[in-house]
S.K.: 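The following block contains the structure, expressed as structure tokens.
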2 protein chains.
Amino acid sequence: MFRTNLDNIVFFVKYIEKLRNSGLRPTKQRLRICQVLFNTQKTFHFTINDLVKKIKKQINNNISLATVYNTVRAFEKKGYLKQISINSSETYFDTNISNHHHFYDLKEEKLIDLKNSDVGPINIKKKINGKKIKSVEVLVKLED
Amino acid sequence: MFRTNLDNIVFFVKYIEKLRNSGLRPTKQRLRICQVLFNTQKTFHFTINDLVKKIKKQINNNISLATVYNTVRAFEKKGYLKQISINSSETYFDTNISNHHHFYDLKEEKLIDLKNSDVGPINIKKKINGKKIKSVEVLVKLED
DNA sequence: TGTCTAGTTTATAATGATTCTAAAAAGGTG
DNA sequence: CACCTTTTTAGAATCATTATAAACTAGACA
Ligand SMILES: [Mn+2]
Ligand SMILES: [Mn+2]
Ligand SMILES: [Zn+2]
Ligand SMILES: [Zn+2]
């Protein structure tokens, strides 16, 4: 159960198209970041520093910090990543872009996905004039 | 319907006791901050900068920025303030320490309280081994 | 009321995540 | 290749927050 070379080619071709269709040039750096973020079975949560570490581990070549920031912001704007509202010194991002909620383990400083069935539907009854709901996020903080 | 001098005396005596009972000395600076935060009819949301502005407006004398940070952190630790999990350049605090949820107006960068009846009970079905739930916060982001 | 000590305030420096800058490099069209 | 635009990059700048360490003060006790 390992990825063949063909799988990788398919992945890159797919993401070259995806970036082009978003108006983003498929640069070497962006495709490497796509590989780290999206060429996985499972989705995950990360900070910029986590991502930089992953890039360093998986790829011998380096990407400048400014580019990592620029790329993550661009991907977030295009909807390929979600930013998670949480008070932490570092901003968290999520490769799981579906509507879902989170546990936040305060001690470990780690996010854990909640399935929607773990929370149940949230029905916001109040309306604010001229405003519409963009997102509804539940954050459950955990302590020992 | 204005506060009498006696009301103010009652307020200060109450907060001197409250601070002492928390192991915090009732200093001039802390009592001034209590006045700005808690001597009001309505609860509110604020950032450190909001608070500094309020202090400057309501009180001719000044309090150093470090003391404002220290005091807010101390009050938060003692449970007199709540920190709100939100991704913003500045940390938000809430003088409403009851369990409640929020709208966040992305354009205005303003928090609005939701009544619990506006959201309904949130029942978290998932459990994490050895961890207990500290808080459950719903954040509803609003756009135009 | 004065002395003592731990707690507090303060100005200022340090930290650290994020954004900005502007020059060099690379993508892509013809 | 030629050209233009976008992107990358190293380094500087920004800005909220925290640390430092010296001066000050609350409160206990003589
Ligand atoms: Mn991290
Ligand atoms: Mn503000
Ligand atoms: Zn998630
Ligand atoms: Zn609130």
Side-chain angles (χ1 to χ4, degrees), chain A residues 12-13 15-36 45-56 59-78 80-81 83-93 109, chain B residues 12-13 15-36 45-56 59-78 80-81 83-93 109:
Chain A
F12 279 110
V13 168
Y15 273 86
I16 286 168
E17 272 320 291
K18 195 163 180 178
L19 290 172
R20 280 222 187 86
N21 292 338
S22 312
L24 297 173
R25 288 183 181 170
T27 63
K28 204 170 49 175
Q29 291 85 348
R30 283 175 178 159
L31 287 167
R32 281 177 179 161
I33 291 173
C34 282
Q35 201 181 11
V36 172
H45 308 106
F46 66 94
T47 65
I48 296 290
N49 272 320
D50 294 337
L51 181 53
V52 167
K53 278 183 207 154
K54 281 202 179 197
I55 291 166
K56 284 201 177 126
I59 297 159
N60 52 350
N61 205 331
N62 229 13
I63 300 177
S64 94
L65 185 59
T67 299
V68 178
Y69 271 99
N70 289 339
T71 302
V72 167
R73 274 197 302 166
F75 287 4
E76 199 263 338
K77 190 176 268 179
K78 296 296 178 185
Y80 304 154
L81 289 174
Q83 192 177 325
I84 299 174
S85 288
I86 194 173
N87 272 16
S88 163
S89 53
E90 294 171 272
T91 303
Y92 276 85
F93 295 91
E109 295 191 321
Chain B
F12 279 111
V13 169
Y15 274 86
I16 287 170
E17 271 319 290
K18 196 163 179 178
L19 290 172
R20 279 220 188 91
N21 292 338
S22 312
L24 298 171
R25 287 185 182 169
T27 63
K28 202 170 50 177
Q29 291 85 347
R30 284 176 178 157
L31 286 167
R32 281 175 178 161
I33 292 173
C34 282
Q35 200 180 12
V36 172
H45 309 105
F46 67 94
T47 65
I48 295 291
N49 272 320
D50 295 335
L51 180 53
V52 167
K53 278 183 209 151
K54 283 203 178 193
I55 290 167
K56 283 199 177 126
I59 298 161
N60 53 349
N61 205 333
N62 230 13
I63 300 177
S64 95
L65 185 59
T67 299
V68 178
Y69 272 100
N70 289 341
T71 302
V72 167
R73 276 197 301 166
F75 286 4
E76 198 263 339
K77 189 177 268 178
K78 296 296 179 184
Y80 304 154
L81 289 173
Q83 192 178 324
I84 299 174
S85 289
I86 196 174
N87 272 15
S88 165
S89 53
E90 292 171 272
T91 304
Y92 276 84
F93 295 91
E109 296 192 319

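The figures here come from the full heavy-atom set of this structure, side chains too, leaving out hydrogens, waters and symmetry mates. Residue numbers begin at 1 in each chain, while the letters A, B, ... track the order of the sequences. It should be emphasised that the depicted structure is a prediction, and the values quoted were computed from it without experimental measurement.
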S.K.: Let me know the distance between CD1 of B/I55 and P of C/dT9, rounded to the nearest Å.
M.R.: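 The distance from CD1 of B/I55 to P of C/dT9 comes to 12 Å, rounded to the nearest Å.
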S.K.: For B/Y69, enumerate each residue passing the ring pair (Phe, Tyr, Trp, His ring centres under 6.0 Å) test, keeping only those at least two apart in sequence or located in another chain.
M.R.: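 With sequence neighbours excluded, B/Y69 shows a ring pair (Phe, Tyr, Trp, His ring centres under 6.0 Å) to no residue whatsoever.
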S.K.: What residues, two or more places apart in sequence or in another chain, satisfy salt bridge (charged side-chain N to carboxylate O under 4.0 Å, His left out) together with B/R20?
M.R.: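 Result, salt bridge (charged side-chain N to carboxylate O under 4.0 Å, His left out) vs B/R20: B/E17.
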S.K.: Could you tell me which residues satisfy salt bridge (charged side-chain N to carboxylate O under 4.0 Å, His left out) with B/E109, sequence neighbours excluded, listed by chain and number?
M.R.: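 With neighbours one apart ignored, the set is empty.
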S.K.: Rounded to whole Å, how long is the line connecting atom CG of B/N49 with atom C1' of D/dT14?
M.R.: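 Roughly 14 Å, once rounded to whole Å.
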S.K.: Across nucleotides 20-30 of chain C, 5' to 3', mark each nucleotide with B, S or - according to how protein heavy atoms within less than 4.0 Å reach it.
M.R.: B-----BBS--
S.K.: Scan residues 16-36 of chain A for pairs that pass ring pair (Phe, Tyr, Trp, His ring centres under 6.0 Å), counting only residues two or more places apart or in two chains.
M.R.: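 Passing the test, one end in residues 16-36 of chain A: no pairs.
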S.K.: Does A/S89 make a side-chain N or O approach to OP1 or OP2 of D/dT17 shorter than 4.0 Å?
M.R.: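 A/S89 to D/dT17 OP1/OP2: no side-chain N or O under 4.0 Å.
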S.K.: Roughly how many Å is it from CD in A/E90 to C1' in D/dT18, rounded to a whole number?
M.R.: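 It is 16 Å, rounded to the nearest whole Å.
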S.K.: Given atom CG of B/L65 and atom C1' of D/dT20, what is their separation to the nearest angstrom?
M.R.: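 Between C1' of D/dT20 and CG of B/L65: 15 Å.
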S.K.: Tell me: CG of A/L31 to P of D/dT6, nearest whole Å?
M.R.: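 After rounding, the gap between these two atoms is 19 Å.
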S.K.: Please check if the side chain of A/N87 supplies one atom and the backbone of B/I84 the other of a donor-acceptor pair under 3.5 Å.
M.R.: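 Checking the backbone N and O of B/I84 against the side chain of A/N87, a donor-acceptor pair under 3.5 Å is found.
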S.K.: Honestly, is A/K18 close enough over A/Y80, meaning NZ or CZ under 6.0 Å from the six-membered ring centre and within 45° of the axis?
M.R.: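 Yes, a cation-pi geometry.
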S.K.: Given atom CG of B/N87 and atom C1' of D/dA16, what is their separation to the nearest angstrom?
M.R.: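 Interatomic distance, CG of B/N87 to C1' of D/dA16: 14 Å.
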S.K.: Rounded to the nearest Å, what distance is computed from the CD atom of residue A/E76 to the P atom of nucleotide C/dT19?
M.R.: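 Roughly 11 Å, once rounded to whole Å.
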S.K.: Between B/I63 (CD1) and C/dT8 (P), how many Å, whole number?
M.R.: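 Between P of C/dT8 and CD1 of B/I63: 15 Å.
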S.K.: Is it true that the side chains of A/D50 and A/T47 contain a donor and an acceptor less than 3.5 Å apart?
M.R.: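 Looking only at side-chain atoms, A/T47 and A/D50 do form a donor-acceptor pair, the distance falling under 3.5 Å.
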S.K.: Mark yes or no for whether B/T71, through its side chain, and B/T67, through its backbone, hold a donor-acceptor pair below 3.5 Å.
M.R.: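 Confirmed, B/T71 side chain pairs with B/T67 backbone.
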S.K.: Please round to 10 degrees the angle between the axis of the first five pairs and the axis of the last five pairs in the helix from C/dT1-D/dA30 to C/dG30-D/dC1.
M.R.: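 One end axis against the other gives 30°.
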S.K.: Ignoring backbone atoms, test whether B/Q29 places a side-chain nitrogen or oxygen under 4.0 Å from the OP1 or OP2 oxygen of D/dT25.
M.R.: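 Answer is no, no contact under 4.0 Å.
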S.K.: For the side chain of A/S88 and the backbone of A/E90, is there at least one donor-acceptor N/O pair under 3.5 Å apart?
M.R.: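 Flag set: sc A/S88 to bb A/E90 pair under 3.5 Å.
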S.K.: Give a yes/no answer on whether the side chain of B/Y69 brings an N or O atom under 4.0 Å of OP1 or OP2 in D/dT18.
M.R.: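 B/Y69 to D/dT18 OP1/OP2: no side-chain N or O under 4.0 Å.
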